[in-house]
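Here is the naming used below: chain letters follow the sequence lines, and residue numbers restart at 1 for every chain.
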2 protein chains.
Amino acid sequence: MSSRGRPRTFSRDEALRSAMEIFWDKGFDNTSLADLTRVMGLNPPSLYAAFGSKAKLFLEAVDLYGRTDGAGIWEFLDDAPTAREAVHDLLKRSAENFTQWAEPRGCMVVLSAPQMEGGDTAVCDGLKARRLEKQVALQSRLERGVADGDLPEGTDCDAIAAYVTSIQHGMSIHARDGASRQTLMAIADCCAAGWDAMVAGVTTKAQF
Amino acid sequence: MSSRGRPRTFSRDEALRSAMEIFWDKGFDNTSLADLTRVMGLNPPSLYAAFGSKAKLFLEAVDLYGRTDGAGIWEFLDDAPTAREAVHDLLKRSAENFTQWAEPRGCMVVLSAPQMEGGDTAVCDGLKARRLEKQVALQSRLERGVADGDLPEGTDCDAIAAYVTSIQHGMSIHARDGASRQTLMAIADCCAAGWDAMVAGVTTKAQF
DNA sequence: TAATTTATGTATTGACCGATACAAAATGGA
DNA sequence: TCCATTTTGTATCGGTCAATACATAAATTA
């Protein structure tokens with residue numbers, strides 16, 4: 001882009017990754033600029049020149065999270081042969097992902113800024129949009145299951161998508177509270193064990 | 001207690017209720033002392049004389065929440081004839097409770113201070129303890145279901161309690177994101193529809 | 001070499017945070 | 001009436017917040 005001028009002495013990507021990690025751990029509000037400049041290894045003017053503001057840096061960090069640490073959870077969603085396997089895999093990957101390190105545990109998108117009122121609007125809306133995005137992706141996968149024939153006609157994909165994301169979001173709370181991987185796996189297994197009966201039970205339309 | 005001295009000009013109970021409402025809406029961090037003194041109708045010295053500190057006021061507010069607005073969710077847990085009805089009722093009451101007002105939506109215990117790192121330790125630990133307390137109560141109810149015979153011997157009550165609280169916590173996130181009561185009710189129905197198969201599936205011990 | 005451009009480090013900004021100092025006011029008890 | 005006790009309102013405390021001013025340093029371009 002700009003070859004002229006003094007070159008920056010830090011890696012923008014590495015600094016962003018450091019910012020992502022501390023935002024994930026402490027949340028948006030509880031992470032101060034002093035925290036950020038310390039872990040990123042730069043001074044406030046460099047941070048603002050490179051990222052614009054604390055909120056913009058956070059949104060970039062969330063985007064990085066979605067492309068890296070948070071991506072694996074959703075990798076098998078479209079490749080799974082059936083909707084049932086896709087959902088069970090999603091929850092098992094969530095259980096693994098949310099407990100892979102001592103800290104931070106749980107999903108950054110769920111835990112890092114849940115307060116809509118009084119907080120930064122752009123930050124809250126950005127996270128909310130990402131949550132909705134994944135729920136829509138899941139719903140689309142369920143609808144494909146209906147098209148593929150592994151889910152019955154008239155399956156309430158909207159309700160089931162909300163149900164599954166609810167479990168997944170709740171797993172983040174449990175993980176932050178210290179739940180073991182085994183406990184989170186058990187939650188995923190509960191969902192899987194009741195799956196067929198659940199699908200049959202929330203099928204609204206009559207089948208022909 | 002103390003009859004001498006100038007009497008206070010505000011109701012401690014009413015002030016605490018106002019504090020509870022704004023803490024519930026905005027969370028612990030995003031609620032400032034200026035916010036509190038405004039809605040409570042008193043000055044900072046009166047607040048500190050009556051409640052000690054912002055953190056202690058918050059913990060009292062959470063306790064009030066548990067005794068009032070949050071209590072109805074758990075009212076039928078022990079009176080329900082079966083564990084299945086107890087859980088379904090719990091989730092239906094949650095769906096109603098989390099959407100009874102435009103704001104705040106969702107559970108105060110889940111949403112008002114989820115960040116363990118960087119936040120007030122007493123506040124985070126207090127909320128975490130209340131989440132655990134309810135999960136233990138639910139697990140006890142499930143174990144009673146085994147004793148009563150409406151759940152099979154060897155039912156993994158620990159796993160199912162984690163599964164159900166996970167759904168309930170996730171419903172709070174959905175509620176805060178604007179989900180309708182109908183959507184939350186559909187989540188509760190998903191859990192109910194798969195219940196029997198789920199219980200049978202996560203039964204670990206052999207039955208004699 | 002001189003001019004331009006960009007990044008750096010230091011120091012600081014005004015605003016807001018949670019929490020108090022202080023004196024006046026209002027009660028009960030002696 | 002006078003003292004002890006407690007609450008009140010005003011004004012403010014030191015600290016931290018996110019964000020910048022400013023001068024210097026290091027690169028490219030002419």
Starting at [atom1] of [X] and ending at [atom2] of [N], how long is that distance when rounded to a whole Å?
| X | N | atom1 | atom2 | answer |
| --- | --- | --- | --- | --- |
| A:F51 | C:dA7 | CZ | C1' | 14 Å |
| B:D29 | C:dC16 | CG | P | 18 Å |
| A:K54 | D:dT16 | NZ | P | 15 Å |
| B:R4 | D:dT7 | CZ | C1' | 14 Å |
| B:N30 | D:dC17 | CG | P | 15 Å |
| A:D120 | D:dC17 | CG | C1' | 14 Å |
| A:R38 | D:dA18 | CZ | P | 12 Å |
| B:L33 | D:dG14 | CG | P | 18 Å |

Legend entry - Check ion pair A:R130-A:D63 (N to O, under 4.0 angstrom):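 Looking at A:R130 and A:D63, the cut-off is met.
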Inset, instruction - Assert yes or no for the condition that the ring centre distance of A:H169 to B:H169 is strictly below 6.0 Å. - result: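 No, the ring of A:H169 stays outside the 6.0 Å limit from the ring of B:H169, centre to centre.
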Inset, instruction - Check the pair B:D150 / B:R84 against salt bridge (charged side-chain N to carboxylate O under 4.0 Å, His left out), numbers first and verdict last. - result: CA-CA 8 Å; B:D150 58 272; B:R84 172 183 176 157; over 6 Å; no
Inset, instruction - Please work out if A:T37 contacts a base, only the sugar-phosphate, or nothing of the nucleic acid, heavy-atom cut-off 4.0 Å. - result: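 If one applies the 4.0 Å heavy-atom cut-off, A:T37 turns out to touch nothing in the nucleic acid.
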Legend entry - Residue mapping more 5' on DNA chain C - nearest nucleotide basis, B:A34 or A:G5: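 By nearest-heavy-atom nucleotide position, the 5'-most residue is A:G5.
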Inset, instruction - Could you check B:Y48 against A:P44 and say which one's nearest nucleotide on DNA chain C is further toward the 5' end? - result: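 Closer to the 5' end of DNA chain C: A:P44.
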Legend entry - Any donor-acceptor N/O pair under 3.5 Å between C:dA25 base and B:R6 side chain: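 Indeed there is one.
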Inset, instruction - May I ask you to test the A:F76-A:R93 pair for a side-chain heavy-atom distance under 4.5 Å? - result: yes
Inset, instruction - Would you tell me if any nitrogen or oxygen in the side chain of B:S46 comes within less than 4.0 Å of OP1 or OP2 on D:dT7? - result: no
